[in-house]
Amino acid sequence: MLYREAGDYKKSYAEDSQTFPLKLDRWAYYALLAVAFLVVPFVINDYWASAVLIPFLIWSIASLGLNILTGYCGQVSLGTGGFMAVGAYASYKLMTSFPDLNIMIIVLLSGAITAAVGVVFGLPSLRIKGFYLAVATLAAQFFLVWLFNKVEWFYNYSASGQISSPTRSMFGFEVTGPTASASAKYLFCLVLVVGLAWVARNLTRGRIGRSWMAIRDMDIAAEIIGVNPLKTKLTAFAVSSFFVGVAGALMFAVYLGAVDVGDTFGIQKSFLVLFMIIIGGLGSILGSFIGAAFLVVMPVLLKNVMVGMLGWPSDMSSYLELVIIGFLIMLTLILEPHGVAQLWRVTKQKLRLWPFPH
Amino acid sequence: MSDGYVTPDGRTIGGKVLEMQNITLRFGGVVAIKDISFDIREGEIRAIIGPNGAGKSSMLNVINGFYHPQEGQILFHGEVRKPMKPYQIAKQGIARTFQNIALFKGMSTLDNIMTGRFNHMKTNIISQMIWQGPAAREEAENREIVEKVIDFLEIQAIRKTPVGALPYGLQKRVELGRALAAQPKLLLLDEPMAGMNVEEKEDMSRFILDVNDEFGTTIALIEHDMGVVMDISDRVVVMDYGKKIGDGTPDEVRNNQAVIDAYLGVDHG
C-alpha cells in the first residue's frame, strides 16, 4: 500500500517512458544522488574509498559496458580484461605524451581508443555467435595482454615493465598520483559513473537500444525490419568498449596508480565482470550496479565480519570468504536465474499489493 | 489487366507493385523454384498457396532478400531490383511476418512494435545518448503511430507485457503489429493463421481485410486454410514442386484442373 502507482497519472508518452515511473522511486534516486555528491565526499576516509567505493564505481562502469554488449546485444565477450588494459595503457601514453591535457579528456579519449580496438575485435561477431564468439574474444584478451607486455613503447621502456600514473589535477584538486585525496578520486569516478549510466540508460531505451535487443532476441526478424546486423553489432562493441576502456583508465590512473598488465587485467578480470552482469541481471542497468556491488563489496563485508567482529584468523577468513561468495552466487542463480535485478522487480511488484497477496 | 482492375466488391486495384519475372532458385541440385512469374498489384490481397514443400516460403524469402535467385529478375515499382540485403529491402518498404513467430522475446509488446518503426527513426547516436530534445521528440512521435497500431489490433491491455508470456494467437497479432508499424508498401504474411482455432482465424482474417481496407496496404500471404484464402484474397498463385500451376481469381483457381490434381492427386489407374 505504501508503494504503488495509483494516483501517479501519466499524461504524455514521454512521461510514460520515464526511467523511474513512480514518484517514490524518483525521490529515492534523487536522494541517493544528493548523498553521493553532497555528503559522502566530506565523510569519506582512505579505507572506505580504496576498499569499497572507488572499486565499486569503477567496476560498475566496466559491468555497464559489458552489459550493453552481452546483456543488451547478446554478444558474449571474454575480452573485458584486455579492453580495460587498452584503456589503461591509452591513458598512460596520453598522460605522458601530453602532460597539459586535462585528465577528464584523457580518460574519455582512452575510452574512444578502446572503442576503436573493440570494433576491430568485434568483427568476428558478424560470422560467429554464442560460445564460439566468446572463444574469439578470448583471443583479444590474450593478445592484448601479450602486446602490452611485449612492446616496450607501451610502458615507455621502463625497467620494471610496469606503468605508473603521474599526478594530474582537475579544478586544482589532485585526482591521480600518490598524493591525491580520497574525496577527489571518489568524486572524479562518481561523475563519470553517473554520466555514463545516464548515457547507457538513454541508449538502451531508444532506437539503438531496441535494435541491439532485436539482434539479441531474433537476428533474422531484426534484419527484415531494417536493422543492419553489421552496423548494430559493431556499434554495441564500440559503446561497450568505450565504457570498459574508461573503467580501465580509471582503474590504472585513479585507483591503483601503478599497473602490471598480467596481474591487473588478466583473464580472471574478464570473468569477474561477466559474473557481475550475470548475477546482477543481463540487460539491466540496475543489474550492472548490483552485480558490481555484490562482487566488490561482499568480500570486504565478509572480511570485516569475520576478522573484525568475530576475531577469526585472517588466513582462515580469506578462504571462507571464497567459499561463502561461491555459495551466495549459486544461491542467487538458483533462486533467480535472471539476476538480482529481476528479484528486485518481483519484489516491487509484490510491494504494490502489500499487505495483500493478490 | 495491365492497368489494374476492379474487384467484385468494388475496390479498385492499381498497377504492379512487385513483379517476379522467370525466377529460378536452386540449392545445389535441388530446384526450389522453377521459372515462376507473377505480379502483385497495388491494393490487392494476393495469396500464394500450394502443398507442403511447394516453394512458397522460399518465394517470400526471395522477395525479402534472404535468398538470391540464380535466374530471373524482380521489379519493384517498375524498376529492376539489384541484389540487396534483407535490411535494405526493408528500407524500400517491404515488411513481413514469419511462419514460426519471430518476435523479440525479451521485449514488451510495445517495444516489439516500436522496433517496427526502426526505419522511420533517424536521430543519430549522439542525440540518442543525450535523449532530451530530438531523440525524445522522435520517440514520442513514433509512439503515437505505434499506439494507433495497438488500438487497431485491440492489444492495449498487453502493451507492457513481455511477449514471451503471451498466448500464441496474441503473439501472432503482435507480430502483425510490428510489421504494420513499419507502414509498408507491401506486407508479406507467411501463414498468418497457422495453428489457430476458428475464432482466432476469424479475428486474423478481419485484421488482414481491415489493414487492406483502411490503410490500402498491398498484402501477399501464404496460407493453407483454403476457406480463408478463397474468402479474403483477390488473386491466387498456386505452386506445386517449385512450379506455378495456376494463377487467377479464387473462382478460376478453384476450377483449374492442374490445381485440383495437385491437391487431390491424379488417378494413375
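Here is the naming used below: chain letters follow the sequence lines, and residue numbers restart at 1 for every chain. In this text, all values refer to a predicted model and were calculated from it rather than measured experimentally. Computed from heavy atoms alone, side chains included, the values below leave out hydrogens, waters and symmetry copies.
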Asker: Count the heavy-atom pairs under 4.5 Å between each of I130(B), N64(B), I89(B), L103(B) and chain A, then report the option with the highest count.
Answerer: I130(B)
Asker: Count the heavy atoms of every other residue, nucleotide or ligand shown that sit under 6.0 Å from OH of Y132(A), and state whether that count exceeds 12.
Answerer: no
Asker: With a 4.5 angstrom heavy-atom cut-off, could you sort out which part of A222(A) is near chain B: side chain, backbone, both or neither?
Answerer: both
Asker: Would you indicate whether the side-chain heavy atoms of I224(A) and F66(B) approach each other to under 4.5 Å?
Answerer: yes
Asker: Quick one: does K105(B)'s side chain have a donor or acceptor within less than 3.5 Å of a partner on D217(A)'s backbone?
Answerer: no
Asker: What part of T204(A) gets closer than 4.5 Å to chain B, counting heavy atoms only: side chain, backbone, both or neither?
Answerer: neither
Asker: Using a 3.5 Å distance criterion without hydrogens, assess whether the side chain of N119(B) forms a donor-acceptor pair with backbone atoms of I225(A).
Answerer: yes
Asker: Using a cut-off of under 4.5 Å for heavy-atom pairs, which of G283(A), S211(A), G206(A) has the most such pairs with chain B?
Answerer: G206(A)
Asker: With a 4.5 angstrom heavy-atom cut-off, which part of R201(A) approaches chain B: side chain, backbone, both or neither?
Answerer: neither
Asker: Checking heavy atoms, do the side chain of N61(B), its backbone, both or neither come under 4.5 Å from chain A?
Answerer: neither
Asker: Tell me, for R137(B) versus chain A, whether the close heavy atoms (under 4.5 Å) come from the side chain, the backbone, both or neither.
Answerer: neither
Asker: Given heavy-atom pairs under 4.5 angstrom as the criterion, report whether the side chain, backbone, both or neither of D111(B) touches chain A.
Answerer: both
Asker: Is the shortest heavy-atom distance from the side chain of F98(B) to the side chain of I220(A) under 4.5 Å?
Answerer: yes
Asker: Measure the OH-CD distance between Y13(A) and E141(B) for me, rounded to the nearest 0.5 Å.
Answerer: 12.5 Å
Asker: May I ask you to check whether over 12 heavy atoms, not counting those of H120(B), lie within 6.0 Å of atom NE2?
Answerer: yes
Asker: Checking I94(B) against chain A: side chain, backbone, both or neither under 4.5 Å from a heavy atom?
Answerer: backbone
Asker: I'd like to know which of N142(B), T115(B), N112(B) tops the heavy-atom pair count under 4.5 Å against chain A.
Answerer: T115(B)
Asker: Side chain, backbone, both or neither: which part of I101(B) has a non-hydrogen atom closer than 4.5 Å to chain A?
Answerer: backbone
Asker: Give the minimum heavy-atom separation between A102(B) and A221(A), together with the two atoms involved.
Answerer: O-CB, 3.2 Å
Asker: Can you confirm whether Q132(B) is buried at CD, in the sense that more than 12 heavy atoms of other residues, nucleotides or ligands lie under 6.0 Å from that atom?
Answerer: yes
Asker: Shortest non-hydrogen contact from L203(A) to Q128(B)?
Answerer: CD2-CB, 3.9 Å
Asker: Find the distance between CZ (F104(B)) and CE (M218(A)) and round it off to the nearest 0.5 Å.
Answerer: 8.0 Å
Asker: Would you name the heavy atoms of Y87(B) and P229(A) that are closest together and state the gap between them?
Answerer: CD2-CD, 3.9 Å
Asker: Is the Lys NZ or Arg CZ of R207(A) less than 6.0 Å from the centre of F118(B)'s six-membered ring, within 45° of the axis?
Answerer: yes
Asker: Using a cut-off of 6.0 Å, state whether more than 12 heavy atoms not belonging to F27(B) lie near its atom CZ.
Answerer: yes
Asker: Rounded to the nearest 0.5 Å, how far apart are CE of M114(B) and CZ of R205(A)?
Answerer: 11.0 Å
Asker: Please classify the contact between E144(B) and chain A as side chain, backbone, both or neither, with a heavy-atom cut-off of under 4.5 Å.
Answerer: both
